[in-house]
Amino acid sequence: MQRLFCSRWFISGVSLAVGAGVGVALSSGSNRFLPEDGLLQRIPIIPMPSVNAASEIIPYQHGQLTPSKSTAAVKYGFPSLSHIKSRESYITCYDPRNRTPAWVIEQLNAEALTGTSDRKLCDFKEDEAVHVYHRATNSDYRGSGFDRGHLAAAANHKWSQKAMDDTFYLSNVAPQNPHLNQNAWNNLEKYCRSLIKHYENVYVCSGPLYLPRQESDGKMYVKYQVIGKNHVAVPTHFFKVVILEKKRGEVELRTYVMPNTPVDEKIPLERFLVPIESIERASGLLFVPNILKRTNSLQAITARV
DNA sequence: TTTATTGT
């Protein structure tokens with residue numbers, strides 16, 4: 001895991017600047033791609049199938065207009081759909097195998113950050129919307145040595161007590177090194193909140209990573225601890241993708257990765273910037289597909305600053 | 001200020 005931070009990513013970072021010219025190109029196409037579109041347009045997941053409509057979900061086959069024979073294979077249902085949940089304060093995709101979120105996305109703005117909500121009134125709680133087989137519980141975390149680290153941060157949702165309460169579902173939480181959670185990661189969250197002063201809109205997508213590393217036999221393995229009776233996975237790293245909209249519609253992306261270990265908070269946050277592509281490859285996710293997938297002409301986007 | 005855990 002140290003390798004990630006020794007590589008050139010460590011210093012270079014990336015910031016994709018979508019210029020004003022691209023903004024015009026966007027609006028000349030389908031409205032779906034306008035930056036003003038809401039949170040839902042930015043979910044890093046491809047289409048939501050409609051439940052019970054097997055023929056709509058079966059993989060597309062070239063030149064085939066009738067439902068494929070494999071429709072019958074799912075007569076008794078799909079083992080999973082996409083586990084998207086919408087909450088008062090955020091939208092999340094749950095990872096039932098790891099008992100943590102796969103990602104959580106939230107919009108930060110002055111209204112959301114202002115209010116009298118009090119985290120002392122909140123308790124971490126099981127998410128009863130998650131099947132018991134796949135649900136993390138407080139007892140899984142107790143005595144584990146890990147914090148219940150929020151992905152959508154409580155302080156991002158002070159506007160309503162309910163919104164803050166919703167961030168305390170364990171489906172919005174992953175085992176996090178206490179030092180990281182309370183120092184460097186907390187600083188990154190504070191920094192994200194501070195960005196609302198300088199940008200029209202701030203969207204934040206956070207999640208766990210399980211990065212491979214070389215073991216002593218020279219081969220690459222993904223190794224991670226699991227805690228509690230439910231074997232809640234301990235991520236090796238965490239990512240944060242910050243989507244910043246300027247007043248003229250320009251979009252800037254910043255992608256951070258921190259290891260799930262103590263991190264010296266004197267290290268400037270910029271040192272944790274990585275290219276968004278590296279997170280997309282490592283996580284299996286695609287961020288801002290509405291911008292980056294739109295055309296083949298990535299050259300229209302300035303890909304390094 | 002915000003992030004938390006543990007023990008009573």
Side-chain angles (χ1 to χ4, degrees), chain A residues 87-90 92 99-101 103-127 135-198 202-209 225-242 254 256-269 271-272:
Chain A
R87 288 260 153 78
E88 193 88 10
S89 33
Y90 58 91
T92 183
R99 296 86 159 98
T100 68
W103 51 262
V104 173
I105 201 163
E106 31 177 355
Q107 182 175 14
L108 308 191
N109 52 44
E111 300 92 289
L113 301 189
T114 310
T116 56
S117 304
D118 184 353
R119 67 178 284 146
K120 286 183 185 135
L121 303 176
C122 304
D123 288 308
F124 287 104
K125 57 202 172 194
E126 293 178 30
D127 186 345
R135 193 187 298 170
T137 65
N138 282 313
S139 62
D140 292 321
Y141 285 82
R142 191 166 302 128
S144 69
F146 290 94
D147 277 7
R148 294 168 288 189
H150 282 82
L151 286 170
N156 292 350
H157 304 284
K158 293 177 83 169
W159 63 281
S160 115
Q161 189 65 47
K162 169 78 167 76
M164 183 176 281
D165 288 349
D166 275 6
T167 69
F168 282 74
Y169 282 111
L170 291 178
S171 53
N172 177 47
V173 157
Q176 195 164 38
N177 178 281
H179 184 281
L180 176 71
N181 184 32
Q182 295 167 35
N183 297 281
W185 188 259
N186 189 20
N187 291 341
L188 179 56
E189 289 174 338
K190 288 177 182 169
Y191 174 66
C192 290
R193 286 193 282 276
S194 76
L195 290 170
I196 66 159
K197 287 177 235 155
H198 309 290
V202 176
Y203 302 88
V204 179
C205 183
S206 314
L209 289 172
Q225 186 183 349
V226 295
I227 57 171
K229 282 185 184 162
N230 293 302
H231 295 173
V232 181
V234 180
T236 64
H237 295 73
F238 290 93
F239 72 80
K240 226 178 238 304
V241 175
V242 186
R254 294 184 199 170
Y256 298 86
V257 172
M258 285 186 182
N260 195 9
T261 57
V263 165
D264 184 349
E265 62 177 326
K266 289 181 202 130
I267 302 173
L269 291 174
R271 299 263 294 274
F272 298 97

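Just so we're on the same page: letters track the sequence lines, and every chain starts at 1. Computed from heavy atoms alone, side chains included, the values below leave out hydrogens, waters and symmetry copies.
Applying side-chain hydrogen bond (donor to acceptor under 3.5 Å, both in side chains) to His157(A) and the options Glu88(A), Glu106(A), Arg87(A) leaves one that passes, Glu106(A).
Residues Lys158(A) and Pro178(A) each lie close to DNA chain B; by heavy-atom proximity, the contact nearer the 5' end of the strand is made by Lys158(A).
Residue contacts shown for Asp147(A) are limited to sugar-phosphate atoms, with no base heavy atom under 4.0 Å away.
Side-chain contact annotation: Ser117(A) with Lys158(A), donor-acceptor N/O pair under 3.5 Å absent.
In 5' to 3' order, the nucleotides of DNA chain B bounding all contacts with chain A (an atom under 4.0 Å from a heavy atom) are dT1(B) to dT6(B).
Considering only residues two or more places apart in sequence or on other chains, Glu189(A) meets the side chain to side chain donor-acceptor pair (under 3.5 Å) condition with Trp185(A). For the side chain to side chain donor-acceptor pair (under 3.5 Å) test, residues two or more places apart in sequence or in another chain that qualify with Arg193(A) are Asn156(A). Residues meeting the ring pair (Phe, Tyr, Trp, His ring centres under 6.0 Å) test with His150(A), sequence neighbours left out: Phe124(A), Phe168(A). Residues forming a side chain to side chain donor-acceptor pair (under 3.5 Å) with Asn187(A) (at least two apart in sequence, or on another chain): Glu265(A).
Residue Ala174(A) comes nearest to Thr100(A) through the heavy atom pair CB-CG2, 4.0 Å, listed as atom of the first residue, atom of the second, then distance.
Note: Trp159(A) CH2 to Thr114(A) OG1 = 12.0 Å, rounded to the nearest 0.5 Å.
Listed by residue number, the members of residues 110-127 of chain A with any heavy atom below 4.0 angstrom from DNA chain B are Arg119(A), Phe124(A).
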